[in-house]
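Notes follow once the structure below has been shown.
Lettering of chains follows the sequences in order, A, B, ..., and the numbering in each one begins at 1.
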Protein chains: 2
Amino acid sequence: MRRATINDVAERAGVSSATVSRVLNHNYPVAQATRDRVELAIRELGYVINAHARALAGTSNRTVGIIVQDLVDPFFSLIARGVEREASESGRLCMVSSTRGDPERELAFVDLLHEQRADMVILVGGAHSDRSHSKELAKRARDLHAGGSRLVLCGRPSIGQDVPTVSVEYDNEGGAFAITDHLLTQGHERILYLGGPPNLSTTRDRLAGHRRALDMRGAGHVPELVHTGAFSPAFGHHRLSEILRSTLEFSAVFAANDMVAIGALQALEEAGVRVPDDISLVGYDDVPAALPLRPRLTTVHVPLEEMGRQSVRLASPGEGDGWRPAGEGAVKLGTHIVVRDSVRARGPRGSGR
Amino acid sequence: MRRATINDVAERAGVSSATVSRVLNHNYPVAQATRDRVELAIRELGYVINAHARALAGTSNRTVGIIVQDLVDPFFSLIARGVEREASESGRLCMVSSTRGDPERELAFVDLLHEQRADMVILVGGAHSDRSHSKELAKRARDLHAGGSRLVLCGRPSIGQDVPTVSVEYDNEGGAFAITDHLLTQGHERILYLGGPPNLSTTRDRLAGHRRALDMRGAGHVPELVHTGAFSPAFGHHRLSEILRSTLEFSAVFAANDMVAIGALQALEEAGVRVPDDISLVGYDDVPAALPLRPRLTTVHVPLEEMGRQSVRLASPGEGDGWRPAGEGAVKLGTHIVVRDSVRARGPRGSGR
DNA sequence: TTGAAAGCGCTAACAC
DNA sequence: GTGTTAGCGCTTTCAA
């Protein structure tokens, strides 16, 4: 139960612990013969470095922390994959935690990761606008910063002008604008907006883009056509089924994300509505999980994995050439629509539904 | 850049560092007034515990390590979710790493996680049978064990009789047997087995169950009907498309997992083959990603998330009532088929295809 | 090229 | 209830 320590190795090899440290780190010259003896001792003893002792004594532990809502949701797992890959490429280990949408847990995990002295803590995905929560986060961002670490906001709104954070965004509003415009261009004027937690920044941004497109084309805002709720297939299915039983008219559905689109398509199918012949459908995110949909889903591509990678890259102190002051970086990645088969042009004054 | 330490807090609160430690850990009585002063000092200084120092000084750091092939593949992300949830419920942090199927990386990550003194290292998913790799793993299992940690094999074959590991399996062979039997019962005799890396234990187990069912019903093994390869939609799509252009006859497809089934369904569709009218299709795993498929996919349910949870639970030393010697646990979870709409009974001597 | 020794920040006896 | 102190296992000057 007691592990070998560097001293055990030193003793066995007949050298000092400093020498063992040197062969372990390859940072100072060590005579080949000595090196061999030490390596032999290491093997014989089954010695394994203690990362804690090492972190305590000197250099950082090279870890990144990431906080998501749910590891299974492709939106998050794609970003997580990007983070993990970039991290491991820069020799870092990745600590993940999931909040299930609980802001309390979010704060608790930021603290936990700070305790672990993660090089950075990456907060992923939209946030509810909550004044006091933002304050708490801002405080932690400062604490992290003070310790040479960073809070990264990935796909998440800023928490204040003067708060030291790194931010990786994507053009959420723009994507929603573009796809709404696509629908409008195809003759759809009454578009049902379906899904997304109403107070989530992600939802607000997508709705904003949607409305801007509506405005631009002179189509009115029809409040009854906006049905926010959740980001799940279950919501899409359930709510749209309900709506289909009502008298609400629309010729297209803008699902707040692909997961909602999955449920929506199912509802449409069950109601005997043909897509895209009777109703057009679009999604958002372009996740692989929606690839099996038929008709193939027209959607907005979001560079999820790249966002994950950029998060760790941007928050890595002085990596590469230009020595950045390690912090306060910000990028906004582009989005674009992917036209597939779920939208059909409407004839002028077609009956829609 | 210099963080406050426990001594800074002690000084500011006018107490000793031991007292600060006590209020931090709530493990010894501290006068309320003292406690208040300490907590104030902590807040004023923005003090954050150093988990490394803590781990070094005494108690374990309460972390678990998990190694998967790909965070985005639902098979792995569901297990990862189970691990993460169980871990966080027992107050542990979860460190993930992904190998992309590279055995070298796998070993490297086991080492890395050992260095981090993870309470356990969970290896997820099938393995290629590789003698020397198993030897390496076995060595690491022993090293981990010697240090009071555990190597957990989750959905992965044993690496030796006398190697100290914890094992969480599922009835892989049984599920394949059951679903093949289902197909057979429905009159399908020529079943195409599609996908899965040929030397992966997962594939071998599934094929074994498949063959046992074939044997039991007196249906012969037809080598041409077995097309292993990969676990991806792309493989399912590509290979099945090819096959459909050939003269090979079969009335059902057993996709090695749901991802392959997704691709297979697409290929069938593109070839104008109706499912299940012309050809029946089944999958394996029952992951949410396959839920949108139409017809709904008949498949084998695997308790992925539960496997993740059990992994953590089983490897946790002396948790709960019965004090286990913390190691050498093994469970095998059941699987069962989920009948949905992708299989149709064949009339006696129907033409199949 | 190697060794001695002083921490890194915390916990856990052991005193008081 | 609280303080003192001795490590935990490593890295890193500083000497030799």
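With rounding to whole Å, B:Arg37 atom CZ is found 8 Å from D:dT2 atom P. Whole-Å rounding puts the A:Arg54 CZ to D:dT12 C1' distance at 13 Å. For the pair A:Ile6 CD1 and C:dG7 P, the interatomic distance rounds to 19 Å; values are reported in whole Å. What separates CZ of B:Arg3 from P of C:dG9 is a distance of 10 Å, to the nearest Å. At whole-Å resolution of the value, CG in B:Asp8 and P in C:dC8 are 11 Å apart. As rounded to whole Å, 17 Å separates atom P of C:dG9 from atom CG of B:Asn61. The distance between atom CD of A:Gln32 and atom C1' of C:dT2, rounded to the nearest whole Å, is 16 Å. The distance between atom CG of A:Leu45 and atom P of D:dG9, rounded to the nearest whole Å, is 13 Å.
Dashed line: the shortest gap from a side-chain N or O of A:Tyr28 to OP1 or OP2 of D:dC14 is not under 4.0 Å. OP1 or OP2 of D:dT11 has at least one side-chain nitrogen or oxygen of A:Asn25 nearer than 4.0 Å.
Across all non-hydrogen atoms, the minimal contact from B:Val68 to B:Phe76 is CB-CD2, 3.7 Å. Counting all heavy atoms, side chain and backbone alike, B:Ala127 lies closest to B:Pro157 at N-CD, 4.1 Å.
At a threshold of 4.0 Å, the pair B:Lys139-B:Asp143 counts as salt-bridged, since one of the basic side-chain nitrogens sits closer than that to a carboxylate oxygen. Salt-bridge formation is detected for the pair B:Arg140/B:Glu136: a Lys NZ or Arg NE/NH1/NH2 atom is positioned less than 4.0 Å from an Asp or Glu carboxylate oxygen. A salt bridge between A:Glu115 and B:Arg54 is absent, with no side-chain N of the basic residue lying under 4.0 Å from a carboxylate O of the acidic one. Salt bridge status for B:Glu89 with B:Arg309: present, with a side-chain N to carboxylate O gap under 4.0 Å. Using a cutoff of 4.0 Å between basic side-chain nitrogens and carboxylate oxygens, B:Arg156 and B:Glu106 are scored as salt-bridged. A salt bridge is defined here as a Lys NZ or Arg NE, NH1 or NH2 lying under 4.0 Å from an Asp or Glu carboxylate O, and B:Arg81 with A:Asp70 meets this definition.
Of all nucleotides listed (C:dG9, C:dT1, C:dG3), C:dG9 comes nearest to the side chain of A:Leu56. Checking D:dT11, D:dG1, C:dT1 against the side-chain heavy atoms of A:Ser21 singles out D:dT11 as nearest. The side chain of A:Asn50 lies closest to D:dC10 when the candidates are D:dC10, C:dT11, D:dG3. Distances from the side chain of A:Ala57 to the nucleotides C:dT11, C:dT2, D:dT11 place D:dT11 closest.
Within 4.0 Å (heavy atoms only), A:Ala18 reaches at least one base atom of the nucleic acid. Residue contacts shown for B:Thr5 are limited to sugar-phosphate atoms, with no base heavy atom under 4.0 Å away. At a threshold of 4.0 angstrom between heavy atoms, the contacts of A:Val20 with the nucleic acid are absent.
The 5' end of DNA chain D is approached more closely, in terms of each residue's nearest nucleotide, by B:Arg22 than by the other of B:Arg22 and A:His52. Both B:Thr19 and A:Asn27 sit near DNA chain D, but only B:Thr19 has its closest nucleotide nearer the 5' end.
Remark: nothing in residues 109-117 of chain A comes within less than 4.0 Å of DNA chain D through any heavy atom.
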